[in-house]
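First the proteins, then the strands, lettered A, B, ... as listed; each starts at 1.
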There are 2 protein chains.
Amino acid sequence: MSQKPFVSAQEVAERAGVSRSAVSRTFTPGASVSPETRRRVVEAADALGYHVNHLARGLMLSESGIVCLIVSDMGTPYRSSLIRAVTQQLQDAGKIAMLINTDRSDGSVDLALRQAIRYRADASIILSGMPDKSITQLCLKNGQRLVLINRDDDQEGPFRINLDDAAAAGRLVTAFLRAGCRRLAFANSEAGTPSLMAREHGFIAAAKAIGLEVVVERYGPTGYESGRVLAQRLLTQSERPDAVFCATDLIACGFMDAARHQFSIAIPGQLCVAGFDDIEQAAWSSYELTTFAQPVEAIAREAVTWLGKDGSDDPAERIHSVRLNADLVWRSSIRGG
Amino acid sequence: MSQKPFVSAQEVAERAGVSRSAVSRTFTPGASVSPETRRRVVEAADALGYHVNHLARGLMLSESGIVCLIVSDMGTPYRSSLIRAVTQQLQDAGKIAMLINTDRSDGSVDLALRQAIRYRADASIILSGMPDKSITQLCLKNGQRLVLINRDDDQEGPFRINLDDAAAAGRLVTAFLRAGCRRLAFANSEAGTPSLMAREHGFIAAAKAIGLEVVVERYGPTGYESGRVLAQRLLTQSERPDAVFCATDLIACGFMDAARHQFSIAIPGQLCVAGFDDIEQAAWSSYELTTFAQPVEAIAREAVTWLGKDGSDDPAERIHSVRLNADLVWRSSIRGG
DNA sequence: GGCACTGTTGCAAGCGCGTGCAAATGCTGC
DNA sequence: GCAGCATTTGCACGCGCTTGCAACAGTGCC
């Protein structure tokens, strides 16, 4: 690398024949600079290819503009669409996203948060496993703000964005009923995250309320393959279910594929299926899956606007939690509608 | 926010009863510190919750450890899997990824690169539209390294990772032929990126070499919906093709769905279909799509190891381009195999 | 004891920036 | 011409860190 890779404000100042402070002020909104000085600075800056060093600026302001996204399974349709929405909104708000992958081990969320602290990220948004309580405390103590999406953690301090999973699951029971279904089943993964469990419990509770039992099966990670295995298990039972709520669209896709191609079951003729997330594939005509839409854009907006608020106001008064609802998207994997 | 959100090396030094330099050296690999001092520093650091400020370190070393990922369509299966692989490899190499979304306008890649410069990113990896030549020059002048993935740009300076799109497409002609297909078609988007065009031209050329004509249709962006429209166009022609190469798996999925559900065409019975990318959905049993696998991990490895190399050696000798090949993954959307 | 040598440590400079403070400038009104 | 004021500019400091340099302590050997 060459000696002077980046051009500094000093050099711009010299070329423009002003002081370095003038340069700094030119690029600081709201600072007092005469039009003439500004013109000369901008000209010199363009000529030299100058760009404010955000590292140094972050050092001064103790506000880096960096927000950490801590994510697992980011190849997954739902996750990637959420990442997309959040980064876009962050950019619109003048911030920038750092991406940390936590697929490896379980302590990797903690490692990721440490990394976030090292880069003095203003905040971290967590879309994956739950961080240790000690770590979140460390973050908060370091002045870093925390957003938990669908983590449903009851810790104090972080801002939590959740869905009304249970309520949504409850509404689905009614829908199945209207379609004439009686033998309900729930296909879940073994991940056991709060949102998945809320869907399961909400579904069971609503069914019980009208006197119906739910067959629950859990298997593997939250993905397509698990859906196939779950179909294997649920569709070979003596009394085969006529309605299955899959905890996730990916599971639902696997389930439907196995049901149709392996067991030759007609959907929705002999079996109604619903999912959760409304991933792009749910709308594909091989699935036409009735599902609950994750309000991805709303989640992202909620997170970013909260970050935009100044944290200096009364902490007791600050909102620490928001619950959004997931709308049911009707497609033909359930009869009627 | 409180007065002193972050704890500095100064405070650790005071608590440990050593100088600030000792603290710094403790966290600098290869520096000379006695075991006793190190122990006391680490102890004090843990007690106070100290973390090296990478912003300040980046300022000193003029090496931030930040790598910018500049991406469009990141909700897309192929893109998100690539993002996943790259961020993971970057982390393994001790670097960190910044994510910039360029879905909005066309000049947004330039804006993104400017942002990368502001944060003194060591490098930028571009997975979306092509940046202006003036901007890439700006990056290089600023000592920033550039990786272009599947951009096939012929600029000097950036490191370019490409696939042998044309060669792969050529091999596919043979495969179609062996399946007894004669009326070949190519379904492309209107995006016109170098890799898409290379697939198209490679396919046409290989077909021509054995005396076959290819019907080419182009429509819209590179996605599922375009596949449906392309099916509409290609399957209503007087002489319906019996083999279609879709420029992308997403297009292929849309194409297959339309072919089966709208035109009741049997695949692979009456029509053979192939795609490109090997996204997860290609393996789903509703598609079983024969396709070319993007060597995602290899691409990521290639990019990250190049970044790891010291750029200070002879620039004339440095490798600036790599071409990987895409293996054909056989599934049942083509007869035989 | 004196010497050369190795291994540690503290000092201080500087990375590029924002900003409080005081000096300088320009302008108005008497 | 001068006081009074608003606006602009430069100086200098500090954000948290790394590192060259010099001082220092410890060791083995003559």
Worksheet item: Should A:Tyr119 be listed as having a side-chain N or O under 4.0 Å from OP1 or OP2 of D:dG16?
Response: no
Practice prompt. Name all residues meeting the side-chain contact (heavy atoms from CB on, under 4.5 Å) criterion together with B:Asp122; count only those two or more places apart in sequence or in a different chain, and write none if there are none.
Written response: B:Glu63, B:Ser64
Fill in: Euclidean distance, atom CE of residue A:Met60 to atom C1' of C:dC15 [Å, nearest integer]
14 Å
Discussion item. Distance check needed: C:dC15 P versus A:Glu11 CD, whole Å only.
Written reply: 10 Å
Fill in: side-chain contact (heavy atoms from CB on, under 4.5 Å) involving B:Val147 - partner list, sequence neighbours excluded
B:Ile125, B:Ile149, B:Phe159, B:Ile161, B:Ala303, B:Trp306, B:Leu307
Worksheet item: B:His51 NE2 to D:dC17 C1': how many Å, rounded?
Response: 16 Å
Item to complete: Take A:Val71 and A:Leu99 through the test side chain to side chain contact (heavy atoms under 4.5 Å, CB included) and record every step on the way to the result.
Response: CA-CA 8 Å; A:Val71 191; A:Leu99 193 56; 4.0 Å; yes
Discussion item. Applying ring-ring contact (aromatic ring centres under 6.0 Å, His included), can you list everything that pairs with A:His51, at least two apart in sequence or on another chain?
Written reply: none
Worksheet item: Residues from residues 21-30 of chain B sitting under 4.0 Å of DNA chain D, heavy atoms only?
Response: B:Ser21, B:Ser24, B:Arg25, B:Thr28
Worksheet item: Which part of the nucleic acid, if any, lies within contact of A:Leu55, taking any heavy atom under 4.0 Å across all strands shown: a base, the sugar-phosphate backbone alone, or nothing?
Response: nothing
Worksheet item: Between A:Phe6 (CZ) and C:dC17 (P), how many Å, whole number?
Response: 11 Å
Worksheet item: Can you name the residues that form a side-chain contact (heavy atoms from CB on, under 4.5 Å) with B:Ser80, not counting sequence neighbours?
Response: A:Ser80
Practice prompt. Would you please name every residue forming a salt bridge (Lys or Arg N to Asp or Glu O under 4.0 Å) with B:Arg84, sequence neighbours left out?
Written response: A:Asp103, B:Glu297
Worksheet item: Hey, is the side chain of B:Arg57 poking within less than 4.0 Å of OP1 or OP2 on D:dT18, counting only N and O atoms?
Response: yes
Worksheet entry | Euclidean distance, atom CZ of residue A:Arg40 to atom C1' of D:dT9 [Å, nearest integer] | 12 Å
Report, one pair per line, the protein and nucleotides 5-8 of chain D atoms (nitrogen or oxygen only) whose separation is under 3.5 Å.
unit_1	atom_1	unit_2	atom_2	d
D:dT8	OP2	A:Ser32	OG	3.3

Worksheet, complete the sentence: For B:Arg39, the salt bridge (Lys or Arg N to Asp or Glu O under 4.0 Å) test, sequence neighbours excluded, returns B:Glu36, B:Glu43
Discussion item. In this structure, how many angstroms lie between the C1' atom of D:dG16 and the CG atom of A:Leu61, rounded?
Written reply: 14 Å
Item to complete: Report the end-to-end axis angle of the helix from C:dG1-D:dC30 to C:dC30-D:dG1; each axis comes from five terminal pairs, and the value is rounded to 10°.
Response: 50°
Practice prompt. Give every residue pair that meets the ring-ring contact (aromatic ring centres under 6.0 Å, His included) criterion with at least one member in residues 102-137 of chain A, sequence neighbours excluded.
Written response: A:Tyr119-B:His54
Practice prompt. Starting from P on D:dT9, measure out to CZ on A:Arg20 and report it in whole angstrom.
Written response: 15 Å
Discussion item. Can you work out whether A:Ala56 or B:Ser19 has the more 5'-proximal nearest nucleotide on DNA chain C?
Written reply: B:Ser19
Practice prompt. Go through the structure and list residues passing side-chain contact (heavy atoms from CB on, under 4.5 Å) with A:Thr193, not counting sequence neighbours.
Written response: A:Ala191, A:Ser195, A:Leu196
List the atom pairs, with distances to 0.1 Å, where a side-chain N or O of residues 24-34 of chain B and a protein N or O form a donor-acceptor pair under 3.5 Å, not counting sequence neighbours.
unit_1	atom_1	unit_2	atom_2	d
B:Thr26	OG1	B:Ala22	O	2.7
B:Thr28	OG1	B:Ser24	O	2.8
B:Ser34	OG	B:Thr37	N	3.2
B:Ser34	OG	B:Thr37	OG1	2.6

Discussion item. Whole angstroms only, please: what is the CD-P distance between A:Glu36 and C:dA24?
Written reply: 22 Å
Worksheet item: Can B:Arg301 and B:Asp92 be said to form a salt bridge (Lys or Arg N to Asp or Glu O under 4.0 Å), step by step?
Response: CA-CA 10 Å; B:Arg301 196 172 335 112; B:Asp92 293 350; over 6 Å; no
Item to complete: Using distance alone, with no hydrogens and no angle criterion, decide if A:Ser8 and A:Arg20 have a side-chain donor and acceptor under 3.5 Å apart.
Response: no
